[in-house]
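Residue numbers begin at 1 in each chain, while the letters A, B, ... track the order of the sequences. Computed from a prediction, not measured in an experiment: that's the story for all the values here.
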Amino acid sequence: DTEVTQTPKHLVMGMTNKKSLKCEQHMGHRAMYWYKQKAKKPPELMFVYSYEKLSINESVPSRFSPECPNSSLLNLHLHALQPEDSALYLCASSQESHAGGQETQYFGPGTRLLVL
Amino acid sequence: AQKVTQAQTEISVVEKEDVTLDCVYETRDTTYYLFWYKQPPSGELVFLIRRNSFDEQNEISGRYSWNFQKSTSSFNFTITASQVVDSAVYFCALSAKGNSGYSTLTFGKGTMLLVSP
């Protein structure tokens with residue numbers, strides 16, 4: 001089973017709202033990722049968690065706050081977003097992230113976020 | 001620095017035609033991994049294949065085949081007898097252990113394939 005689930009599928013929020021995106025995997029993977037994808041562009045890495053610890057933050061603005069409560073769950077807390085933050089947010093997981101690049105990342109279906 | 005180039009932005013074919021998606025990569029690492037992902041309109045990135053830098057054997061999976069040539073730093077993807085369901089954006093990606101010690105994916109810009117009936 002290579003399933004990564006994400007909720008919600010769609011989200012509309014105002015610039016003053018606080019919302020959270022959720023991601024879950026039950027493959028026993030120890031690395032989890034958040035990506036942002038704008039239309040007609042490739043995914044851009046935002047955060048990497050390895051063994052529930054934040055390993056990489058690609059200079060993401062603080063209005064995006066990741067959280068990894070346990071090895072199966074990954075959240076992305078959103079606060080005071082801007083309209084340009086509207087995008088598809090993808091979660092992914094892999095066995096590990098230290099394995100020299102060989103780990104396959106499996107992606108969820110994404111959350112389509114619209115910021116008004 | 002790593003780079004993946006997918007020079008074809010969009011390709012349109014008629015069903016049952018064969019189509020090849022090109023991917024050229026750059027890396028200084030001697031050990032690296034190459035991937036292809038499919039992204040249908042629904043949005044999910046679907047993993048298709050992983051190939052490591054030491055394995056230059058071509059691979060065939062049903063109507064899909066991949067041609068890895070280290071000499072030209074290319075990892076091309078061919079769909080034989082294309083079908084409407086093959087319509088999607090296809091991403092080629094490269095992974096290597098970066099300076100941070102963590103593996104990250106470098107994606108190409110993607111090729112949108114449209115297969116019409």
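Contacts of residues 35-42 of chain A with chain B at a heavy-atom distance below 4.5 Å involve A:Y35, A:Q37, A:K40, A:K41, A:P42, listed in sequence order. Residues of residues 109-117 of chain B placed with any heavy atom under 4.5 Å of a heavy atom in chain A are listed by number as B:K109, B:M112. For a heavy-atom cut-off of 4.5 Å, chain B lies close to A:G108, A:P109, A:R112 in residues 108-116 of chain A.
Residue contact with chain A, scored on non-hydrogen atoms closer than 4.5 Å, is absent for B:L94.
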Given B:T106 and B:Y25, is the side chain to side chain donor-acceptor pair (under 3.5 Å) satisfied, shown in steps? CA-CA 10 Å; B:T106 299; B:Y25 62 92; over 6 Å; no
Test side chain to side chain contact (heavy atoms under 4.5 Å, CB included) on B:Y37 and B:L105 and set out the steps. CA-CA 11 Å; B:Y37 285 88; B:L105 281 173; 4.0 Å; yes
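Under a 3.5 Å cut-off, the side chain of B:S53 and the backbone N or O of B:T30 do form a donor-acceptor pair. Panel note: side chain A:Q25, backbone A:M27; a donor-acceptor pair is recorded below 3.5 Å. Remark: side-chain polar atoms of A:N75 are not paired, donor with acceptor, to backbone N or O of A:K22 under 3.5 angstrom.
Salt bridge present: A:E52 and A:R30 bring a charged side-chain N and a carboxylate O closer than 4.0 Å.
Side chains of B:E26 and B:S73 form no contact here, defined as non-hydrogen atoms less than 4.5 Å apart. Looking at heavy atoms from C-beta onward, B:S61 lies out of side-chain contact with B:I49 at the 4.5 angstrom threshold.
Atom CH2 of A:W34 sits about 10.0 Å away from atom CZ of A:F47, to the nearest 0.5 Å. How far CG of B:D86 is from CD1 of B:I79: 4.5 Å, rounded to the nearest 0.5 Å. Rounded to the nearest 0.5 Å, atoms CZ (B:F77) and CZ (B:F91) are 13.5 Å apart.
Ranked by non-hydrogen atom pairs under 4.5 Å with chain B, the options A:Q105, A:K9, A:E44 are led by A:Q105.
The closest side-chain donor-acceptor pair between A:S94 and A:Y33 falls under 3.5 angstrom. Counted by atom type alone, A:S20 and A:H77 present one or more donor-acceptor pairs between their side chains at under 3.5 Å.
Legend: disulfide bond (SG atoms under 2.5 Å apart) pairs involving residues 21-90 of chain B, not counting sequence neighbours, sorted by first then second residue: B:C23-B:C92.
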